[in-house]
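To start, the structure under review is shown below, and the notes come after it.
A note on names: the letters A, B, ... follow the listed sequences, proteins ahead of strands, and every chain is numbered from 1.
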Amino acid sequence: MPSSGLFLNELALLFRRRRTWAMLLALGAVPVLIAVAVRLTSGPPSGRGPAFLDQIAGNGLFTAVTGLFVCIPLFLPLTVSVVAGDTIAGEAGAGTLRYLLTSPVSRAKLLAVKYAVAAVFCLSATLMIALSGIGIGAALFSVGPVTLLSGSTISAAAGVGRVGLIALYIALSLLGLAALGLFISTLTDAPVGAMAAVAVLAIVAQILGQLPQLDWLHPWLFTNHWLDFADLLRDPISWSSYGQNALLQGGYLLVFGTLAYGRFASKGIVS
Amino acid sequence: MNATATAKLAIQTTGLGKKFGKRQAVSNLDLAVPHGSVFGFLGPNGSGKTTTIRMLLGLVTPDSGNISLLNKPMPKSAASVLPRVGALIEGPAFYPFLSGRANLVRLDAADRTSTSSTRSNRVEEALEKVGLGKASKLAVHAYSLGMKQRLGIANALLRERELLVLDEPTNGLDPQGTREVRNLVASLATEGTTVFVSSHLLSEIEQMCSHVAVMSLGNLVAQGTLEELRSTGQHRAMLRTPDPNVAIEVFARLGLETKPEPTHEGDCPQLRVVLGSDAQVPERIVEELVRAGVRVRGFVVKDPSLEERFVALTGEGFDLAQ
């Protein structure tokens, strides 16, 4: 963990940006939209729409789960792309990189701090959706004991705990993408280009994941376990997908963290 | 150079070179910046000044040669040397949505060796020194170019520094600001700080610096004290006379080169004479002129100016060097 004032300062900087709050509020609005739509059209479950949607009217906690599920393919990767793509390229584009490095900060430390801040954003984003979902779900629907996918029932408090676990799982799922973003961010001085490239890669990985012809590739895609959080809604919890996902994301962090360092350590700062 | 002289150098480079693609930005540069000097780093746009500064501060890795900053090798010792060096590099750059003060706090916090307990005091002091005390809470996007430049200088002054590297410090400043920077540099120099200033403004350098180096096309073409550089220049004289043709003959006989100076119609014609570095005694020249019947209405001897020396070293014209 990179200690020191730099990390706290960078973290404060992240949450002082209007952009960060705009993204977090947009993410937080997703469960609200879902809940309002379900409330206004409440009728018998149709069986269509995103997973868990039909359970919202029965238990408000499922608003959070549905919200997270809906945000995984596009909204979450998009916001993470913005933050991760901006890490180094944003500083370079603004010219502040030369002053940070001569203040001085070692390049390895700057990368570590920037990545840690991006990781905090991943967690903030998923927690935002979870909290907003729990809040609006409790406001518009009843919250009670949760019936899990395995058929058993747990208390509402334990249900909230499960939602927290899912938020953590998804934040973990995004760490590989954030590492990829950090690397791409060291390649350019144009932050917008880096952000777009990261977002495109997130979409491409998901498309590749849909093609059965590429079965051999799927275990290596950082998106492979993105939707596997349903295992956390069983009793007892099946931790295997958590473990596999952590291993995969860790691998991405190792590879792209190393590449980012290799690139950044020797890069001439001419911006 | 012997050991004691080397120890007194704040910046020393040997054989420093950097290529960007096919363009040789800096080649075989041997800089020697004495400790305690105010060192002017001159050169036309594109002559390699900023690349050199980026190499000195470890932002760009040289292709060849060595750098010693405060007697430590760069970029190897960046972590221990750079806290003792304040820098303004190619203009100020700050986060526009943060206040001037928050920007400085951020940069100071980035330096692991800075003391956090004195941070806010040091930031206030630096802001006061550059006259930004009242604007410190304003977001930087509301700053004028001159205010940003001042904030950049404040950043260089966040701690006690042994060396200041200021790239074009008076860029965008109004005349008062320019004067303040000059005074600031002078007062820092009297406290013993070495100041390395790059500029293409000769008058600035002439007023501030004790030592000068001149770059052209990535090469160092002159280096030394201001006096040394000036004295290698040529003395000139201006002659005002209604008999320019006769005067030219006299000068030719004395082996002196002349050039007619453009004058307004009706004004008395003027001639510019190059006296050479071993200036002939002026009264001898005037005596010859008068003897030949030239009506001398004015004769002024001018000391060599840095500007002429600069143009002689780096070439004339507006074309960018590379």
Side-chain angles (χ1 to χ4, degrees), chain A residues 1-23 83 86-114 116-117 186 189-191 261-271, chain B residues 18-20 25 50-51 53-63 69 74-75 77-99 102-116 119 139-140 148 151-152 155-156 158-159 165 167:
Chain A
M1 186 68 192
S3 61
S4 92
L6 182 63
F7 174 68
L8 294 177
N9 241 284
E10 290 303 302
L11 202 58
L13 193 64
L14 174 72
F15 289 106
R16 275 173 91 154
R17 297 194 97 146
R18 276 193 213 146
R19 186 176 77 191
T20 309
W21 284 106
M23 293 192 299
V83 173
D86 197 45
T87 45
I88 301 298
E91 299 282 351
T96 42
L97 186 58
R98 59 177 185 264
Y99 287 108
L100 272 179
L101 290 179
T102 53
S103 71
V105 188
S106 78
R107 298 186 184 202
K109 183 180 169 188
L110 187 62
L111 278 178
V113 166
K114 286 289 186 183
V117 170
T186 61
D189 292 346
Y261 179 73
R263 163 70 182 160
F264 191 50
S266 59
K267 190 184 185 188
I269 309 300
V270 290
S271 59
Chain B
K18 180 70 191 178
K19 240 180 180 175
F20 288 118
T50 298
T51 302
I53 287 175
R54 284 178 184 274
M55 286 193 284
L56 292 179
L57 297 171
L59 291 173
V60 168
T61 318
D63 295 333
L69 208 61
M74 279 294 286
S77 303
S80 62
V81 175
L82 289 183
R84 294 147 67 197
V85 180
L88 177 72
I89 316 145
E90 219 184 358
F94 294 102
Y95 266 119
F97 58 89
L98 289 184
S99 70
N103 267 295
L104 293 192
V105 166
R106 173 170 190 254
L107 288 169
D108 195 66
D111 177 1
R112 196 164 43 90
T113 62
S114 79
T115 322
S116 57
R119 182 165 297 145
V140 168
K148 284 181 194 155
L151 190 60
N155 170 47
L158 274 177
R159 307 175 56 171
V165 177
D167 193 4

Quiz item: Can you tell which of B:A87, B:P83, B:P96 has the highest number of heavy-atom pairs within less than 4.5 Å of chain A?
Solution: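 The residue among B:A87, B:P83, B:P96 with the greatest pair count is B:P83.
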
Practice problem: Measure A:T96 against the heavy atoms of chain B and call it side chain, backbone, both or neither at under 4.5 Å. | Solution: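 For A:T96, the contact with chain B is made by backbone and side chain together.
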
Exercise. Please state whether the side chain, the backbone, both or neither of A:R18 comes within less than 4.5 Å of a heavy atom of chain B.
Key: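 Answer is neither: A:R18 stays 4.5 Å or more from chain B.
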
Exercise. Could you check whether the rings of B:F94 and A:Y99 sit parallel, tilted or perpendicular, using 30° and 60° as the cut-offs?
Key: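 B:F94 vs A:Y99 ring planes: parallel.
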
Exercise. Indicate yes or no: at least one non-hydrogen side-chain atom of A:V83 is less than 4.5 angstrom from one of A:V117.
Key: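 In short, these two side chains do not touch, never coming nearer than 4.5 Å.
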
Quiz item: Side chains of B:D108 and B:S114: closer than 4.5 Å at any heavy-atom pair?
Solution: yes

Quiz item: Any salt bridge between A:R17 and A:D86, counting N to O under 4.0 Å?
Solution: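 A:D86 and A:R17: salt-bridged.
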
Quiz item: Counting only N and O atoms by type, is there a donor-acceptor contact under 3.5 Å from the side chain of A:K267 to the main-chain atoms of A:T186?
Solution: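 Between the backbone of A:T186 and the side chain of A:K267 there is a qualifying donor-acceptor contact (under 3.5 Å).
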
Which bit of [X] comes within less than 4.5 Å of chain A, counting heavy atoms only: side chain, backbone, both or neither?
{"X": "B:F20", "answer": "side chain"}
{"X": "B:R54", "answer": "side chain"}
{"X": "B:L88", "answer": "both"}

Quiz item: Of all of A:L100, A:L101, A:V105, which one pairs up most often with chain B through heavy atoms under 4.5 Å apart?
Solution: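 Between A:L100, A:L101, A:V105, the count favours A:L100.
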
